[in-house]
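Below you'll find the structure, written out as structure tokens, and then a few comments.
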Amino acid sequence: MEIGGVLFTEADIRSRVAALAEEVDEHYAGESCTVVSVLKGGCLFTADLIRRLTMPLYLSFAAVSSYRSGTTGGNPRIEFFPTDHEIRGRRVLVVDDILDTGRTLAFLRDVLVEAGVKEFKTCVLLDKPSRRITDFQADFRGFEVPDVFVAGYGLDYAGRYRNLPDIVGMRPGISPQ
Ligand code: 5GP
Ligand code: MG
């Protein structure tokens, strides 16, 4: 795969994140919450989003890996999880880079609800609804994207490109070195 076209520029992302932050801010109306950033891809988006939020918040992280057998999907597994006091009885906002099949966020929702969160909400920068295999919907979302593999602004292709300031589509071609 190689880098194809730019889907969203740094400026596109900045203005959409600002608008999204206003929506999120309105929802919390000054009440505190725990933001759970989904590693690794969600960390750049989280960093930009939370600097525009005004309610008191705690920042935490989660990492989920899925061992996929071909394209049929695999079982998600927790690799890293917030501590009990960061989430129990609290309003929790999970922030991720992209909502694809929905498996990751549906799994995190189940685990967080089981852990006793008071409210579960999700905010994703990108939404690829054509790939959904669960009925999962994000509460807040930035952009809808077509069924292309995207990279940049936290999203990787084979571990690379997370540091690109724009979001690009990848297309079949040479592999990264
Ligand atoms: P889901 O569980 O919704 O299928 O997948 C969510 C995760 O898969 C995302 O957090 C992201 O890590 C990865 N993912 C899904 N689509 C893409 C994509 O187009 N590009 C990249 N880089 N990662 C993706
Ligand atoms: Mg991810």
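As a basis for the values below, the full set of heavy atoms in this structure was taken, side chains included, without hydrogen atoms, waters or symmetry mates. Counting starts at 1 for both ligands and their atoms, following the listed order.
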- Task: Please list, chain by chain and in numerical order, all residues satisfying ring-ring contact (aromatic ring centres under 6.0 Å, His included) with Phe81, sequence neighbours excluded.
- Result: none
- Could you pull out, from Ile167, Leu155, Val124, the option with a heavy atom nearest to atom 23 (N) of ligand 1? Leu155
- Ranking Leu39, Leu108, Asp100 by closest non-hydrogen atom to atom 5 (O) of ligand 1, top hit is Asp100
- Side chain, backbone, both or neither: which part of Val38 comes within less than 4.0 Å of ligand 1 when only heavy atoms are counted? neither
- Message: Please classify the Asp96 to ligand 1 contact at 4.0 Å (heavy-atom distances, strictly less than): side chain, backbone, both or neither.
- Response: side chain
- Task: Verify, without hydrogens or angle tests, whether Asp12 (side chain) and Thr9 (backbone) share a donor-acceptor contact under 3.5 angstrom.
- Result: yes
- Using atom types as modelled and distance alone, determine if a side-chain donor or acceptor of Lys128 lies under 3.5 Å from a backbone N or O of Val148. yes
- Item | Spacing of Tyr157 atom OH and Leu164 atom CG [to the nearest 0.5 Å] | 14.0 Å
In terms of atom number and element, which parts of ligand 1 are under 4.0 angstrom from non-hydrogen atoms of [X]?
X: Thr104; value: 1 (P), 2 (O), 5 (O), 6 (C)
X: Val148; value: 19 (O)
X: Thr101; value: 1 (P), 2 (O), 3 (O), 4 (O)

Report yes or no: does a heavy atom of [X] sit under 4.0 Å from some atom of ligand 1?
X: Gly102; answer: yes
X: Lys128; answer: yes
X: Phe149; answer: yes
X: Leu126; answer: no

Mind checking whether [X] and [Y] have side chains closer than 4.5 Å, heavy atoms only?
X: Met55; Y: Leu53; answer: yes
X: Tyr153; Y: Val17; answer: yes
X: Tyr28; Y: Lys121; answer: yes

- Looking only at distance, does Tyr157 have an N or O less than 3.5 Å from an N or O of ligand 1? no
- Side-chain donor-acceptor pair under 3.5 Å between Ser65 and Glu79, yes or no? yes
